[in-house]
Number of protein chains: 2
Amino acid sequence: MKALDAIDRRILTMLQDNGKATNKEIASVLGMSITPIYERIKKMEDAGYIKKYTTVVDKDMLGYHLMAFCNVRLKEHTKEYLERFEEQVAELPEVSECYHVAGNFDYLLKVTVVDMEVYHFFITTKLATLDNIGHVQSSFVMKEVKWEINVPIE
Amino acid sequence: MKALDAIDRRILTMLQDNGKATNKEIASVLGMSITPIYERIKKMEDAGYIKKYTTVVDKDMLGYHLMAFCNVRLKEHTKEYLERFEEQVAELPEVSECYHVAGNFDYLLKVTVVDMEVYHFFITTKLATLDNIGHVQSSFVMKEVKWEINVPIE
DNA sequence: TGTGAAAGACATCGCGA
DNA sequence: TCGCGATGTCTTTCACA
């Protein structure tokens with residue numbers, strides 16, 4: 001697939017805002033007929049521009065009242081140790097995101113749990129027991145100021 | 001709406017995996033007919049358990065090749081200063097997430113940009129020019145080890 | 001590429017158990 | 001609450017410009 005044109009981008013923007021937007025709806029906004037919208041979306045799905053459709057749920061209503069960012073520094077930094085840590089951390093359901101970062105620490109983890117008690121349990125019995133953990137520093141989220149899943153597509 | 005039961009949770013899990021899952025599909029997996037699925041989803045939408053449906057796009061394919069976490073410490077911590085910072089930061093399209101955290105810094109920002117040049121521009125001409133910025137420390141993402149939008153719902 | 005029409009699948013809603 | 005059936009809407013495809 002070639003690069004996206006302006007129409008593709010507008011379609012993506014609308015789909016980010018509402019994953020259930022119908023082809024008809026999009027077509028009318030863009031002043032086109034339904035078929036090309038349908039085909040463009042299909043192409044963007046096949047090409048990988050569209051990774052998935054999902055439903056955003058309210059974490060707080062589901063009982064997840066604590067989110068924390070966890071800075072992790074490892075002791076050893078060989079390829080094998082890094083890969084092992086990444087595999088182990090990816091298995092933990094409490095860890096919703098994990099990034100290998102350049103800076104003061106090696107990894108940044110976003111951890112979502114029910115409450116502080118569960119977080120404490122997570123740190124002491126799950127994270128700290130992984131091999132090769134050097135130093136862990138947590139930042140607790142007091143307020144979610146902004147959370148925007150949509151990528152700006154001009 | 002009362003608390004969710006096991007069936008509601010299984011519906012949410014399926015909808016997180018695939019926002020376009022049809023009622024028919026869900027019904028057949030759960031061994032129920034379509035109507036109760038339809039009604040349960042509608043109730044969860046109305047009650048706010050379901051916040052929105054969206055489309056996940058591939059940031060990298062769209063040209064966003066750099067993600068960074070930006071730790072920000074403010075100079076003054078009065079209510080007015082905090083609110084003002086939060087308002088200003090929420091307006092910045094480069095900032096996809098912003099959290100008020102307890103720890104070494106005041107705020108943690110997730111910044112998504114095209115490349116390092118744009119990031120530099122963002123830091124120097126947009127973030128640093130906000131009122132009341134004390135100290136900024138960036139961690140650049142070298143690798144996204146895990147990114148899981150789905151909340152575990154057992 | 002785009003348009004328009006037609007077939008099939010799905011969402012939506014009223015009624016009965 | 002759930003299941004069934006009717007109706008309107010959407011998706012998907014095809015012939016054609």
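Throughout, a chain's letter reflects where its sequence line sits, starting with A, and its residues are numbered from 1. What you see below is based on every heavy atom in this structure, not just the backbone, and it leaves out hydrogens, waters and symmetry mates. As the structure is a computational prediction, the values presented were derived from the model and not from experiment.
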(message) Would you say that B/Glu97 contacts A/Lys110 through its side chain, given a criterion of any heavy-atom pair below 4.5 Å between the two side chains?
(response)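 Side chain of B/Glu97 against side chain of A/Lys110, heavy atoms only: contact under 4.5 Å found.
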
(message) Quick check: do B/Tyr38 and B/Lys42 have side-chain heavy atoms less than 4.5 Å from each other?
(response) yes

(request) Only one of A/Thr112, A/Leu109, A/Val113, A/Leu127 passes side-chain contact (heavy atoms from CB on, under 4.5 Å) with A/Val95; say which it is. (result)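 The single option meeting the side-chain contact (heavy atoms from CB on, under 4.5 Å) with A/Val95 is A/Leu109.
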
(request) Kindly point out which of D/dC2, C/dT1, D/dT11 is positioned nearest to the side chain of A/Arg40? (result) C/dT1

(request) When you get a sec, tell me which of C/dG2, D/dC10, D/dC2 is the closest nucleotide to the side chain of B/Met32? (result) D/dC2

(request) Describe the nucleic acid contact of B/Thr22 in one word from base, sugar-phosphate, nothing, applying a heavy-atom distance below 4.0 Å. (result) sugar-phosphate

Check the distance between [N]'s [atom2] and [X]'s [atom1] and give it to me in whole angstrom.
{"X": "B/Leu4", "N": "D/dT1", "atom1": "CG", "atom2": "P", "value": "12 Å"}
{"X": "B/Asn23", "N": "C/dC10", "atom1": "CG", "atom2": "P", "value": "10 Å"}
{"X": "B/Ile11", "N": "D/dT1", "atom1": "CD1", "atom2": "P", "value": "12 Å"}
{"X": "B/Leu15", "N": "C/dA11", "atom1": "CG", "atom2": "P", "value": "11 Å"}
{"X": "A/Lys20", "N": "C/dC10", "atom1": "NZ", "atom2": "P", "value": "13 Å"}
{"X": "A/Ile7", "N": "C/dT1", "atom1": "CD1", "atom2": "P", "value": "10 Å"}
{"X": "B/Ile37", "N": "D/dC4", "atom1": "CD1", "atom2": "C1'", "value": "15 Å"}
{"X": "A/Lys24", "N": "D/dT12", "atom1": "NZ", "atom2": "C1'", "value": "16 Å"}

(message) Any side-chain N or O of B/Lys43 below 4.0 angstrom from OP1/OP2 of D/dT1?
(response)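 Yes, such a contact exists.
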
(request) Give, for atom CD1 of A/Ile37 and atom CZ of A/Arg40, the distance between the pair rounded to the nearest 0.5 Å. (result) 7.0 Å

(message) Can a side-chain donor-acceptor contact be found between B/Tyr119 and B/Ser138 if the only test is distance below 3.5 angstrom?
(response) yes

(request) For A/Lys126, look at atom NZ and say whether over 12 heavy atoms of other residues, nucleotides or ligands are found less than 6.0 Å away. (result) yes

Protein and nucleotides 13-17 of chain C: nitrogen or oxygen contacts under 3.5 angstrom:
| residue | atom | partner | partner atom | Å |
| --- | --- | --- | --- | --- |
| C/dC13 | OP2 | B/Tyr38 | OH | 2.5 |

(request) Mind checking ring-ring contact (aromatic ring centres under 6.0 Å, His included) for A/Tyr107 and listing every partner two or more places apart, or none if nothing turns up? (result) A/Phe85, A/His100

